[in-house]
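What follows is a single structure, written as structure tokens, with notes after it.
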Amino acid sequence: MHEFSVASELVRTVEEAFNGSGATTPVTVVNVIVGKLSGVVPDYLKHYYEIITKDNPMLSGAEVRVEIQEVEAICADCDEVFGEDSFVLACPKCSSTNVVIRKGRELMVDSIEIDDGGEE
Amino acid sequence: MEIKIVKDILESNNVTADENRKFFKEKKAVLINIMSSPGAGKTELLDATLGMLDGALRCAVVEGDICTTMDAERLTHRNVPLVQINTDTLGGVCHLEASMIRESVANFDIDATDVVFVENVGNLVCPAEFDIGANLSVALLSSPEGPDKPLKYPLMFKTCPVVILSKMDIVEALGVDIDEYERNILKVNPTAKVLRVSAKTGAGMDAWIDLLKDLHKSNVG
């Protein structure tokens, strides 16, 4: 959900990092981490990134590379660590639903890659 | 060349939410985010709440809707400071964000306010994803909606420490098992405090009012 507003924020973050780097050649890759429970569909995110950056040649040609973060949860009752693609999680060991989701809700820009033409 | 960023994409909302929390703490006021599907009874609950808190806590309300000022108009008779946000002027967004709350609060005399209630846009999905900096998030689930909703919309019910089962006055007419609603809420959020309330008849409202008073006391003490 909200891929457009998420993509807008993504573009803003990428633009800030790009401008701060002083680079003069375009961004080639934007590395993003999307948690399985983040509610964001990677294809829509990529699609809106393209739309939002279409008039910015420094950003528009970049590949949005998405790494999916799997769910990791811990049972607050028996400390069992497990993973399952659901917000309604029951511990596989003790069946408790008193569970904390530790990973799987991320929505992060990890890095951008700029083609520096192979310069040292 | 790779430039590391390692930044939460929704950071700017979360940063503003933290600023809101800090601001409210400094001003010795509490911010309460009330969420539910459309028609679950948020405005009705607020209307009754404002009536019962009159004289006890100084309240203000931020109403969030895509269109119309109908909810704010319903509450004007309570004579509390009121702001209506219409998100159609902001692109038709289906939820409120921290920055909208920050801007709205500028319309109040916050130094003369104890509690700001935010009635979020009616929506069981998106509002739960956006931290507005509230001291307390409350979800309403009304008796006509069905006991399956917590299981279908787990994020909302998981992120709200308080869940109000509203429209309790028609449970008998509906023939529903309200215990099943509560079981499903607790399945998704085992530590949720569930209150059974009818804003119309007043049943269960005392417990809600006491909770609000205790919240205010513990936050500003």
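On a predicted model such as this, the values are computed, not experimentally measured, just so you know. Below, read A as the first sequence line, B as the second, and so on, with proteins coming before strands; counting in each chain starts at 1.
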Region of [X] in contact with chain B, defined by heavy-atom distances below 4.5 Å:
X	answer
A:Glu106	neither
A:Val32	side chain
A:Ala76	neither

Report yes if the side chains of [X] and [Y] come closer than 4.5 Å at any heavy-atom pair, otherwise no.
X	Y	answer
A:Ile101	B:Lys158	yes
B:Glu129	A:Val6	no
A:Ile112	B:Ile5	yes
B:Lys4	A:Asp110	yes

Determine whether more than 12 heavy atoms belonging to other residues, nucleotides or ligands lie under 6.0 Å from atom [atom1] of [X].
X	atom1	result
B:Met70	CE	no
B:Phe23	CZ	yes
B:Glu172	CD	no

Spacing of [atom1] belonging to [X] relative to [atom2] belonging to [Y], to within rounding of 0.5 Å:
X	Y	atom1	atom2	answer
B:Lys7	A:Glu9	NZ	CD	8.0 Å
A:Asn31	B:Ile3	CG	CD1	11.5 Å
B:Leu10	A:Leu107	CG	CG	5.0 Å

Query raised in the report: Checking B:Phe130 against chain A: side chain, backbone, both or neither under 4.5 Å from a heavy atom?
Result: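 Side chain only.
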